[in-house]
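I have placed the structure first, in the form of structure tokens, so that the comments after it can refer back to it.
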Amino acid sequence: MSELLEKILDRKNMNEAYKKVCANKGAGGVDGMELEELDGYIRKNWDSIREQIRGRSYKPQPVRRVEIPKPNGSRRKLGIPTVMDRVIQQGIAQVISPMCEPLFSDHSYGFRPNRSCEMAVREMLVFLNEGYEWIVDIDLEKFFDNVPQDKLMSLVHNIISDGDTESLIRKYLKAGVMVQGRYEKTEQGTPQGGNLSPLLSNIMLNELDKELEKRELRFVRYADDCIIAVRSEASAKRVMHSITDWIERKLGLKVNAEKTRITRPQKLKYLGFGFWKEPKSREWKCRPHKDAVQKFKRTLKKLTNRSQSMAFAVRI
């Protein structure tokens with residue numbers, strides 16, 4: 001019996017996972033079970049589920065495909081696991097995350113304990129004010145959909161080296177997806193919407209962080225949003241080509257050639273922030289990007305629409 005798996009299946013760890021999943025709310029998966037029903041279901045079935053996981057016979061359910069519109073008109077595909085599978089995934093993440101944290105880069109900020117968007121933006125400002133004013137903005141094409149699973153699993157193996165747990169993680173990658181009542185296999189990618197995906201994405205992209213550090217480049221990464229700051233246009237071009245090539249060759253990921261670009265700080269929108277130079281102090285500052293502000297206003301308008309009847313206190 002694997003020690004790591006027992007740690008994951010431990011009552012205390014699973015209770016915490018259950019509380020987290022409940023706190024995040026969210027819709028049910030393909031089995032139609034909602035969060036309210038989860039407690040009773042776990043009480044009744046947990047012993048048998050735990051034995052199935054131990055015996056490697058547990059089968060996660062396919063995820064439910066949901067598409068949400070993106071500001072540019074395209075749609076982001078989310079995969080919503082069942083509430084039970086969310087709890088198990090969260091339990092895995094809670095145990096593996098502390099093993100990964102010491103290996104992760106100081107310049108990566110997404111989906112990590114005690115790190116935030118704001119910290120990423122602050123580090124970006126430091127680079128700009130040190131004179132690194134040419135920006136290479138790398139866009140990974142549909143990152144979560146295109147992750148090569150074998151490459152990912154070999155990286156997971158390097159960290160946890162535990163057959164039972166790896167087998168369970170692989171099952172989640174291979175669980176498939178239900179699209180309008182039709183089952184589709186998932187031969188690549190990690191479902192965006194699963195509790196494990198953020199951690200898996202960091203394990204994958206930590207390889208990119210290590211490469212950028214080896215090249216002594218100044219960069220900030222938040223999930224699959226990676227920005228490199230250099231001193232001149234010439235180095236920006238050189239870095240953009242060599243890093244794009246490296247990502248496609250070594251990680252097997254696609255770089256979106258149309259969206260990957262070289263830009264200046266004034267034209268950059270990063271994590272909802274824009275950058276400007278204060279004329280007096282010649283210092284770079286940041287503020288919420290005008291697009292982000294517009295989106296915020298649109299949301300407010302929708303929420304406070306006069307034709308919607310609601311109590312005044314609720315409106316405020």
Side-chain angles (χ1 to χ4, degrees), residues 68-74 76 101 104-141 143-144 192 198 201-202 205-206 208-213 215-240 243-244 247 255-304:
I68 55 171
K70 282 161 74 167
N72 63 6
S74 68
R76 172 174 287 137
E101 272 303 307
F104 287 165
S105 162
D106 280 346
H107 307 287
S108 114
Y109 292 92
F111 311 125
R112 291 182 61 192
N114 310 320
R115 289 175 162 251
S116 64
C117 281
E118 188 182 314
M119 292 160 87
V121 172
R122 280 174 193 268
E123 184 172 27
M124 195 64 220
L125 276 178
V126 171
F127 296 154
L128 297 180
N129 285 315
E130 284 173 348
Y132 295 84
E133 297 184 1
W134 286 88
I135 308 295
V136 180
D137 185 356
I138 305 262
D139 187 280
L140 297 172
E141 194 170 318
F143 168 73
F144 286 92
Q192 196 174 356
S201 69
N202 274 334
L205 292 174
N206 188 42
L208 172 61
D209 300 343
K210 288 198 292 210
E211 179 64 20
L212 296 173
E213 283 173 355
R215 297 184 186 196
E216 298 187 347
L217 289 165
R218 283 158 179 74
F219 72 97
V220 184
R221 183 174 68 76
Y222 192 96
D224 57 342
D225 241 344
C226 184
I227 280 191
I228 306 165
V230 294
R231 279 189 186 276
S232 70
E233 188 176 10
S235 18
K237 283 181 175 156
R238 201 171 53 241
V239 165
M240 184 168 92
I243 289 296
T244 297
I247 290 172
V255 174
N256 186 331
E258 282 173 18
K259 289 190 186 163
T260 294
R261 60 191 185 124
I262 293 166
T263 185
R264 302 304 305 257
Q266 308 85 318
K267 297 206 171 117
L268 179 66
K269 176 187 177 193
Y270 190 56
L271 304 177
F273 282 87
F275 300 85
W276 56 288
K277 203 170 206 172
E278 199 179 57
K280 234 191 194 143
S281 64
R282 309 292 298 142
E283 201 183 330
W284 285 102
K285 299 273 174 83
C286 68
R287 59 181 160 217
H289 193 277
K290 59 180 191 310
D291 295 352
V293 175
Q294 283 305 322
K295 186 181 167 192
F296 180 66
K297 285 183 178 169
R298 279 199 302 274
T299 309
L300 269 184
K301 267 210 171 101
K302 211 157 108 190
L303 290 172
T304 55

- Item | Step-by-step salt bridge (Lys or Arg N to Asp or Glu O under 4.0 Å) determination, R115 to D106 | CA-CA 10 Å; R115 289 175 162 251; D106 280 346; 3.7 Å; yes

Report yes if the side chains of Y222 and I227 come closer than 4.5 Å at any heavy-atom pair, otherwise no. no

All heavy atoms of C226 vs all of F219, minimum pair found to be SG-CD1, 4.4 Å

With M124 as partner, the option from L271, I135, N129 fulfilling side-chain contact (heavy atoms from CB on, under 4.5 Å) is I135

Residues Y270 and V121: closest non-hydrogen pair is O-CG2, 4.2 Å

Discussion item. Between S201 and P198 (side chain of the first, backbone of the second, donor and acceptor by atom type, cut-off under 3.5 Å), is there such a pair?
Written reply: yes

### Message
Could you check whether S235 and R231, counting side-chain N and O atoms only, form a donor-acceptor pair closer than 3.5 Å?
### Response
no

Value for OG (S108) from CG (L212), rounded to nearest 0.5 Å, stands at 11.5 Å

Practice task
Check whether any side-chain heavy atom of R112 lies under 4.5 Å from a side-chain heavy atom of M119, and answer yes or no.
Solution key: no

* To do: Check whether any side-chain heavy atom of N256 lies under 4.5 Å from a side-chain heavy atom of L140, and answer yes or no.
  => no

In terms of heavy-atom contacts, H289 and L268 come closest through CD2-O, 3.9 Å

Is it true that, when you exclude E278 itself, more than 12 heavy atoms of the residues, nucleotides or ligands shown sit nearer than 6.0 Å to its CD? yes

Taking every heavy atom of P288 against every heavy atom of F273, the minimum-distance pair comes out as N-CD2, 3.8 Å

| task | Please examine the side chains of D209 and H107, heavy atoms only from C-beta on, and report whether any two atoms are closer than 4.5 Å. | result | no

For C286 and L125, the nearest pair of non-hydrogen atoms, with its separation, is SG-CD1, 3.8 Å

### Message
Around atom NZ of K285, are there more than 12 heavy atoms from other residues, nucleotides or ligands closer than 6.0 Å?
### Response
yes

The reported gap from CD1 in I247 to CG in L208 (rounded to nearest 0.5 angstrom) is 5.0 Å

**Asked** If only atom types and distance count, is the side chain of Y132 paired as donor or acceptor with the main-chain N or O of L217 below 3.5 Å?
**Response** no

CZ of F296 to NZ of K301, rounded to nearest 0.5 Å, is 12.5 Å

Checklist entry - Got R221 and S105 here, is their nearest side-chain heavy-atom distance under 4.5 Å? => result no

Scanning both residues in full, the closest heavy-atom pair of R215 with I243 reads NH1-CD1, 3.3 Å

Checklist entry - Where the side chain of N202 meets the backbone of G110, is there a donor-acceptor pair that is under 3.5 Å apart? => result yes

Taken to the nearest 0.5 Å, the spacing of S116 OG from Y109 OH works out to 9.0 Å

CH2 of W134 to CZ of R264, rounded to nearest 0.5 Å, is 4.5 Å

Separation between CD1 (I138) and OG1 (T244), nearest 0.5 Å, reads 4.5 Å

